[in-house]
Amino acid sequence: MSSEVEGLNPPQRQAVLHPGGALVVFAGAGSGKTRVITHRIAHLIASGSVPPHRILAVTFTNKAAVEMRERLERLVPGAAGGRGRGGLAVGTFHATCARLLRENADRAGVDPRFTIYDAEDQQAMIRRVLRQLGLDPKRYPPKAIAGYINASKRHLRGPGEGDAARGYMDEAFERVYAAYDERMSAARALDFGDLIYRMVRALEQDDDLRAELAGRYLHVLVDEFQDTNHAQFRLVDALSGVHGNLCVVGDDDQSIYGWRGADRRNILDFRGSHPGATVIKLEQNYRSTRRILRAAHGVIARVSEREAKELWTDKDDGAPVRDLLCLDERDEAEMLVQAVRELLRSGWALSDIAVLYRVHAQSRVIEQRLRVANVPYRIVGGLRFFDRAEVKDVLAYLRVVANPGDDVSLLRIVNVPTRGIGKVSLDRIIEAAARAGTGVFAQLAAAQTNPGLGKAVKRRIAGFVELIERLREHAAGGATISELGREVVDRTGYLRDLDEEDTAEADARAQNVRELIGAMEELDRADDPIGLEGFLEAVTLDVRAADDGARDRLTLMSVHAAKGLEFPVVVVVGLEDGLFPLRTGETSFDPAPSDEERRLAYVAFTRAKEQLVLSHAQARTLFGQTRGCWASPFLREIPDGDVQRLVSPAVRAASAGGAPFGWRHRVGGSRSGRDDVGAEWDEGAHRDRRGHEGDDAYLDTSEGCDAPHDDDLPGFRQGMAVHHKKFGVGRVLRVDGGAPAKVSVDFGSAGTRTIFADYLEPSA
DNA sequence: GTGGAACACCTTTTT
DNA sequence: GGTGTTCCAC
């Protein structure tokens, strides 16, 4: 038996050994998906029939591509090769298309030296187009237009190819799309959507090109197929069209990017789109305990349309899922710190624990509390290194050097750092460019003869033009990337300005610029230099976050960012109806969470290997509004026997009746540092990893299934706005405990009334 | 041309 | 509530 199938279970082995033709692998969470893909590729190569360079593997993220390459290198040394020819082609959809487009630029109708615009650049370009067309950005938000353009490209619609029956709004959108398209070509720029869209167009319209490229790849493999959009689906089909050996791997239950155009149908309907396709399901989970899997099953089983499957494991039940009821987000942060301390005492490391939230805004309160408590943490996601303003500024200089037509980058840096070329002068220049039908840089170069500009401005512009031209000469003369980068920050005084500012933020930004130069130096030293254009492409397509080493830290991130990762302990915070599942601008009240939110919860739960901790609050302030909260429906869907419901001391104190509000606040976490709450926890903490079945001195366990803490009632607090069917909106004066609970409410003109809490709803 | 103050915005996010 | 963006006064 060949080594590629050793240690694989039967369905995994079947997928690896599958000879050819269409194959779809439904790979549940933690079922060894990456293993199957890499082993399958290794098998294809090792069997001797397929040379590595005739295999194309496509992923969604660079991280996944790098990981695949590394694992393959271990399985079949030498096969993965370098980036160049000869090796296996592993890359993201976008990097793969960028490569193919540059190789076949003339046939695809693009300039081979195109610059790639990210979402931010794209919106800057749209803003320009709006101004040019005299359209109000308030009426036509650039974001919405970007959405429209991206959706059009996803559906392979060029400008002017929208549906016939369109409303007034779309007519304007189409006009912007058309003008945007023109401006982009003039700037020699492609946006992310273009990379896929242009490649698919070229392949579908040029038979020779299709025959050539599709003929090149004997096998095409696609990871995370549930995340593909329509254009990507067509791309994959076109590229695998000659030999028909297409293997797609994914999990419809982990499709969480529907909002940005991913189409679950691509995997769900694969049998239909590829008749005769082999279907394999991987249902054995190697990651989580049974309790965690049952909790995850509880939420995913209610999704209406899904491929039938259920994860199983031969692991033990494991520790129960814990659900902490907290007073508010501050109390929740406090409980989190306590839980982390307890986990550390029972033997886990900080790096074993991840805290997941639905929206980034939740992280702030948690971060504040962690800082006070001296718990080191790192945040994954958020603003990435290459997206930081200072990094983009320096890169924009290099992009202008590489592509004089790149107006978006040019306008970004023409007055950064401030060099006295202001809005009025720039407007004149832009206008001149529009009239002459040239790029902005050409008009800057011609500024000396522009009658609309003052003498001082002309002098400053001349200085800027000279700077760029000198950089351009150096680039042409073979300067390395880091030399160019250094020249930019030296000649512009960019770093000097930051250093002079002498604030913490300026220091951090200066540090990022230095880091960027460091990254450039590293690239210059590499064996296969990629050149300025290669560098700029890599930087735009690879949004690798700045790596802050292997220090032992708690990890904080959104559930989306956690997809594909696993941690021994996972804490999911904010499990409240409205937050997770998130409900925004819902028109009708449907108590059922959306399927995508369900899948998101499923992804969150299945990240955990050993322990899953959930929390929710009775009230939460988010985006400046405080609301009373009900528990998330997801919490009720976890089997009762698998979840231990706990109540924070602050909630206990608040609901004890008659407890003064001030005291409640104290417990809620405004006290400093390591306090006696932690000491209390100590006494109840268990020292072994599986020891959470017993009581905790610190947290109250509720009285069992018949009396769950289960908040069928939201937590009402003094001062909270509430709504009553008859009396309208009022303010809570007093909460009188009791069962059923009663609340005194001031309804203004309707007077003050004491009402059963059941008849009240929290109001925005 | 620059800087402060009012203003709108605010899921999730890779490429 | 916090932040990025635009607008207007200097």
Side-chain angles (χ1 to χ4, degrees), chain A residues 58-65 91-98 116-124 127 136-138 141-144 147 150 153-154 190-197 223-224 227-229 231-232 255-262 329 356-365 367-368 380-384 386-387 389 415 417-427 454 456-457 460 505 537-545 557-564 574 578-586 594 596-597 599-601 603-604 620-626:
Chain A
V58 191
T59 62
F60 265 85
T61 65
N62 283 288
K63 212 172 131 204
T92 64
F93 271 99
H94 293 85
T96 300
C97 285
I116 301 171
Y117 275 9
D118 68 11
E120 198 186 325
D121 302 329
Q122 180 187 37
Q123 281 191 39
R127 261 177 240 280
D136 180 8
K138 287 205 179 82
K143 237 185 181 170
N150 295 338
K153 290 178 182 172
R154 264 197 316 267
L190 296 184
D191 62 33
F192 286 139
D194 279 323
L195 294 175
I196 315 290
Y197 163 69
D223 192 15
E224 305 278 18
D227 287 337
T228 50
N229 62 36
Q232 290 161 336
S255 159
I256 57 177
Y257 287 112
W259 52 273
R260 70 172 193 219
E329 70 278 2
L356 310 186
Y357 35 78
R358 178 63 245 268
V359 303
H360 277 303
Q362 289 171 260
S363 75
R364 212 193 68 252
V365 180
E367 286 182 73
Q368 283 168 354
V380 176
L383 204 50
R384 291 150 309 199
F386 290 119
D387 284 344
N415 201 29
T418 326
R419 53 171 67 89
I421 304 174
K423 194 169 167 293
V424 178
S425 310
L426 275 179
D427 280 348
V457 174
R460 297 175 196 135
E505 293 107 282
E537 173 176 319
V539 146
T540 314
L541 292 183
D542 180 359
V543 285
R544 191 168 321 174
M557 63 187 142
S558 70
V559 178
H560 283 91
K563 196 176 125 196
L579 180 60
F580 199 0
L582 187 68
R583 302 173 191 274
T584 48
E586 257 178 36
S594 76
E596 184 137 320
E597 292 293 319
R599 293 191 292 267
L600 205 46
V603 167
R620 181 175 300 269
T621 305
L622 205 63
F623 301 125
Q625 282 198 318
T626 303

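Bear in mind the structure is a predicted one, so any value in this text is a computation, not a measurement. Throughout, a chain's letter reflects where its sequence line sits, starting with A, and its residues are numbered from 1.
- Leu541(A) places its CG atom 10 Å from the C1' atom of dT14(B), with the value rounded to the nearest Å.
- Comparing Val457(A) and Val380(A) by the nucleotide of DNA chain B that holds the closest heavy atom to each, the one mapping nearer the 5' end is Val457(A).
- The aromatic ring of Trp259(A) sits over the base of dT12(B), with ring centres less than 5.5 Å apart and planes inclined by under 30°.
- Nearest-nucleotide positions on DNA chain B for Leu600(A) and Thr92(A) put Leu600(A) closer to the 5' end.
- Of all non-hydrogen atoms in Gly420(A) and Asn415(A), the two that sit nearest each other are N-OD1, 3.2 Å.
- Distance CG (Asn62(A)) to P (dT14(B)): 11 Å, rounded to an integer number of Å.
- If you measure from atom NE2 of His94(A) to atom P of dT15(B), you get 9 Å, rounded to the nearest angstrom.
- Distance CG (Leu622(A)) to P (dT11(B)): 10 Å, rounded to an integer number of Å.
- Rounded to an integer number of Å, the gap from CZ of Arg460(A) to C1' of dG1(B) is 8 Å.
- Comparing the P positions of dT12(B) and dT5(C) gives an interatomic distance of 16 Å, to the nearest angstrom.
- Not a single ring-ring contact (aromatic ring centres under 6.0 Å, His included) links Tyr117(A) to another residue, sequence neighbours left out.
- Distance from the side chain of Arg358(A) is smallest to dT11(B) among dT15(B), dT11(B), dG1(B).
- Between His560(A) and Ile256(A) the shortest heavy-atom distance is NE2-O, 3.2 Å.
- Between Ile256(A) atom CD1 and dT13(B) atom C1' there is a gap of 9 Å when expressed in whole angstrom units.
- The residue Val424(A) sits close only to the backbone: its heavy atoms come under 4.0 Å of sugar-phosphate atoms, none of a base.
- Nearest heavy atom pair, residue Ala262(A) against residue Asp227(A), reads CB-O, 3.4 Å.
- Across every non-hydrogen atom of Gly574(A) and Phe580(A), the tightest pair is O-CB, 3.6 Å.
- Within the 4.0 angstrom heavy-atom criterion, only backbone atoms of the sugar-phosphate kind lie near Asn415(A); the bases stay farther away.
- Here Phe93(A) lies out of heavy-atom contact (under 4.0 Å) with every strand.
- Taking atom NZ of residue Lys563(A) and atom C1' of nucleotide dT11(B), one finds them 17 Å apart after rounding to whole Å.
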remark   = Nucleotide by nucleotide, nucleotides 1-10 of chain C touches protein heavy atoms under 4.0 Å in the pattern (B base, S sugar-phosphate only, - none) BS---S----
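- Regarding Gln362(A), its CD atom lies at a distance of 9 Å from the P atom of dT12(B), rounded to whole Å.
- Checking the phosphate oxygens (OP1, OP2) of dT13(B), a side-chain nitrogen or oxygen of His360(A) falls inside 4.0 Å.
- The shortest non-hydrogen separation linking Pro142(A) to Arg127(A) is CG-NH1, 3.8 Å.
- With Arg620(A) contributing its side chain and Glu329(A) its backbone, the two residues share no donor-acceptor pair below 3.5 Å.
- Across every non-hydrogen atom of Thr92(A) and Asn62(A), the tightest pair is CG2-N, 3.5 Å.
- Base orientation at dT11(B) is syn, since its O4'-C1' glycosidic dihedral falls within 90° of 0.
- Counting distance only, with no hydrogens placed and no angle test, the side-chain atoms of Arg260(A) and the base atoms of dT12(B) include no donor-acceptor pair under 3.5 Å.
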